[in-house]
Amino acid sequence: MGFQNNAKSLYSVVILIFVTGLLIGGLANFFVTLHSDTRSDLETQIAGLQAQNSELEGMQNALYQNITIYQSDVSLAELYANVKDSVVIIQGTKQGGYVQGSGFVYSHKGQNVVITNYHVVQGTTVLSVTFQNGNGYAATILGTDPYADLAILSVNAPSAEFKPLKIASSSTLRVGEPVIAIGNPYGLVGSLTTGVISALGRTIVEDSVNRFSIANVIQTSTPINPGNSGGPMLNAAGYVIGITTAIVSESQGLAFAIPSNTILREINALITTGTYNGHSYLGVNGNDMTYNAAQQLDVSITYGWRIASVINGGPSDGKLQEGDIIIALNNNKIKNNDDLASYLEEKTLPGQNINITIIRNNNTTTITVTLKERPPITTT
């Protein structure tokens with residue numbers, strides 16, 4: 001009897017285990033199937049969302065490109081519409097010829113003037129300014145600075161003719177920024193060209209300046225042709241950041257502009273005194289250093305500006321000497337003539353002391369020189 005009861009109990013346990021196993025197996029299979037189906041559904045939904053997202057991104061990119069192009073076109077057209085009436089034609093007669101260039105209107109302390117290049121008005125006997133509406137008026141020269149190729153004109157015109165442009169600082173300009181030039185190349189009135197800033201702090205020499213270079217100049221890829229000279233160079237906001245000044249003969253896509261900071265620094269003196277006397281003078285001639293020059297001279301420095309001669313009676317007479325290599329001004333590295341001329345032009349004034357670091361006999365030393373004002377210019 002006891003055995004039978006134990007057998008029944010054992011049998012019951014076995015049945016319970018079997019049923020439990022079936023239940024567990026069934027539940028496991030159910031959840032596995034459910035999980036598999038759910039994962040499959042989720043993967044399908046994710047794939048669908050990814051496809052939709054990719055399609056939306058494509059539409060967004062296309063829309064963005066269209067908007068960007070549209071805005072670029074509109075802004076350039078609007079910029080031109082806003083500034084074209086501020087750009088003028090300058091015409092003059094001189095001995096043996098006739099000249100034509102560009103200029104732009106600016107208001108200095110409430111006085112309307114026209115800014116242009118010195119070489120445009122140099123040697124002229126009769127000057128006139130013609131506005132975009134075709135109205136022309138007599139003009140006179142208020143002030144000139146051959147060293148910066150700048151001239152300021154007064155125009156005998158009603159105040160309604162003047163639509164002044166705004167001038168921005170050129171200190172923050174960067175290579176690669178877009179620029180716009182407006183002028184009258186070959187007499188084609190109100191022509192617009194575009195490009196980028198190719199380099200900063202260049203030094204150029206123009207025929208109007210016989211002995212000295214024009215320093216701290218902007219180099220640009222904007223096409224500049226005869227007749228453009230004196231016109232404004234603008235940033236994307238329509239502010240003047242320079243004045244177009246010259247092209248290099250037989251070059252392709254190489255042009256220059258006087259930076260706006262030079263205009264802002266000089267304009268008050270040019271209007272009130274007719275000239276500008278703030279150009280520093282070091283009184284030396286020289287050449288850029290190169291690797292080959294360093295090898296020939298047996299020096300270790302491959303950059304800098306080597307002095308070829310010192311002007312008698314100049315500020316450097318008795319302090320600097322032939323063969324000295326200038327490598328820094330006031331602890332600012334000087335790699336070449338562009339660096340030297342640009343630093344003197346923008347960072348110094350006549351009468352200031354400047355610390356010049358030089359290499360002399362393979363030794364580094366610092367010489368202090370008191371800068372002077374540039375002597376009267378010789379023009380051609």
Side-chain angles (χ1 to χ4, degrees), residues 147 149 173-176 195-221 224 245-259 279-348 354-369 371 374-375 378 380:
Y147 285 124
D149 198 18
L173 293 179
R174 297 180 300 172
V175 173
V196 298
I197 294 175
S198 305
L200 298 168
R202 292 300 197 203
T203 303
I204 61 173
V205 177
E206 289 190 351
D207 291 339
S208 59
V209 183
N210 191 28
R211 292 177 56 202
F212 292 94
S213 58
I214 299 174
N216 199 33
V217 174
I218 300 168
Q219 180 184 323
T220 174
S221 66
I224 303 296
T245 187
I247 55 173
V248 175
S249 61
E250 300 182 359
S251 69
Q252 296 184 6
L254 192 61
F256 300 94
I258 304 300
H279 299 290
S280 297
Y281 176 58
L282 190 57
V284 290
N285 296 311
N287 302 285
D288 292 345
M289 280 294 295
T290 63
Y291 173 82
N292 289 336
Q295 295 298 303
Q296 293 174 4
L297 296 169
D298 193 26
V299 295
S300 59
I301 200 78
T302 59
Y303 67 90
W305 194 75
R306 184 172 183 269
I307 296 175
S309 63
V310 179
I311 306 301
N312 290 331
S316 299
D317 191 10
K319 296 189 175 183
L320 297 177
Q321 61 189 38
E322 181 180 341
D324 288 347
I325 302 172
I326 298 176
I327 61 172
L329 298 179
N330 289 339
N331 295 320
N332 292 273
K333 185 176 181 178
I334 300 299
K335 301 187 297 295
N336 48 39
N337 181 62
D338 282 350
D339 287 352
L340 178 71
S342 294
Y343 186 89
L344 289 174
E345 177 67 20
E346 190 166 16
K347 303 295 185 181
T348 67
I354 187 170
N355 294 320
I356 305 175
T357 303
I358 62 171
I359 303 294
R360 178 182 292 175
N361 299 323
N362 279 323
N363 295 316
T364 303
T365 186
T366 298
I367 306 293
T368 301
V369 172
L371 298 170
R374 284 186 180 181
T378 300
T380 58

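Below, all heavy atoms of this structure are taken into account, side chains as well, without hydrogens, waters or symmetry copies.
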*Could you give the distance from CG (L344) to NE2 (H279), rounded to the nearest 0.5 Å?*
12.0 Å

*asked:* Within this structure, what is the CG-CD1 distance for the pair L371 and I356, rounded to the nearest 0.5 Å?
replied: 7.0 Å

_Show the nearest heavy-atom pair for residues G201 and S342, with the distance to one decimal._
O-OG, 3.2 Å

_I'd like to check the side chain to side chain donor-acceptor pair (under 3.5 Å) partners of N362; sequence neighbours left out, ordered by chain and number._
none

*Any pair with a residue in residues 324-340 that passes salt bridge (Lys or Arg N to Asp or Glu O under 4.0 Å), sequence neighbours left out, goes on the list, sorted by first then second residue, please.*
R202-D338, D324-R360, K335-D339

*Minimum heavy-atom separation for I214 to Y147, with atom names?*
CG1-O, 3.4 Å

*Is there a donor-acceptor contact under 3.5 Å linking the side chains of N216 and E345?*
no

*Qualifying side chain to side chain donor-acceptor pair (under 3.5 Å) pairs with a residue from residues 307-321, counting only residues at least two apart or across chains*: N285-S309

*Run through T366, N331, T368 and flag the one making a side-chain hydrogen bond (donor to acceptor under 3.5 Å, both in side chains) with N355.*
T368

_Gap between atom CD1 of I307 and atom CG of L282 - 0.5 Å precision_ = 7.0 Å

*Can you find a pair of side-chain heavy atoms, one from T203 and one from N336, that are under 4.5 Å apart?*
no

_Criterion side chain to side chain contact (heavy atoms under 4.5 Å, CB included) on L329 and T348, from CA distance to verdict_ = CA-CA 10 Å; L329 298 179; T348 67; over 6 Å; no

*Taking only residues two or more places apart in sequence, or in another chain, which ones meet A328 in a side chain to side chain contact (heavy atoms under 4.5 Å, CB included)?*
T357

_In the structure I gave you, are the side-chain heavy atoms of I204 and T245 within less than 4.5 Å of one another anywhere?_
yes

_Atom of S221, atom of G195 and distance for their closest heavy-atom approach_ = OG-CA, 3.5 Å

*Can you measure from CG (N337) to CD1 (I326) and round to the nearest 0.5 angstrom?*
10.0 Å

*Rounded distance [0.5 Å steps], CG in N361 versus CD1 in I325*: 10.0 Å

_V284 side chain near W305 side chain, heavy-atom distance below 4.5 Å_ = yes

*Listed by chain and number, what are the side chain to side chain donor-acceptor pair (under 3.5 Å) partners of N330, not counting sequence neighbours?*
Y343

*Hey, what do you get for OG1 (T364) to CD1 (I358), rounding to the nearest 0.5 Å?*
9.0 Å

*Output yes when a side-chain donor or acceptor of T220 lies under 3.5 Å from a complementary backbone atom of V196, and no otherwise.*
yes

Contacts table for residues 289-301: side-chain donor-acceptor under 3.5 angstrom, sequence neighbours left out:
residue	atom	partner	partner atom	Å
T290	OG1	A293	N	3.1

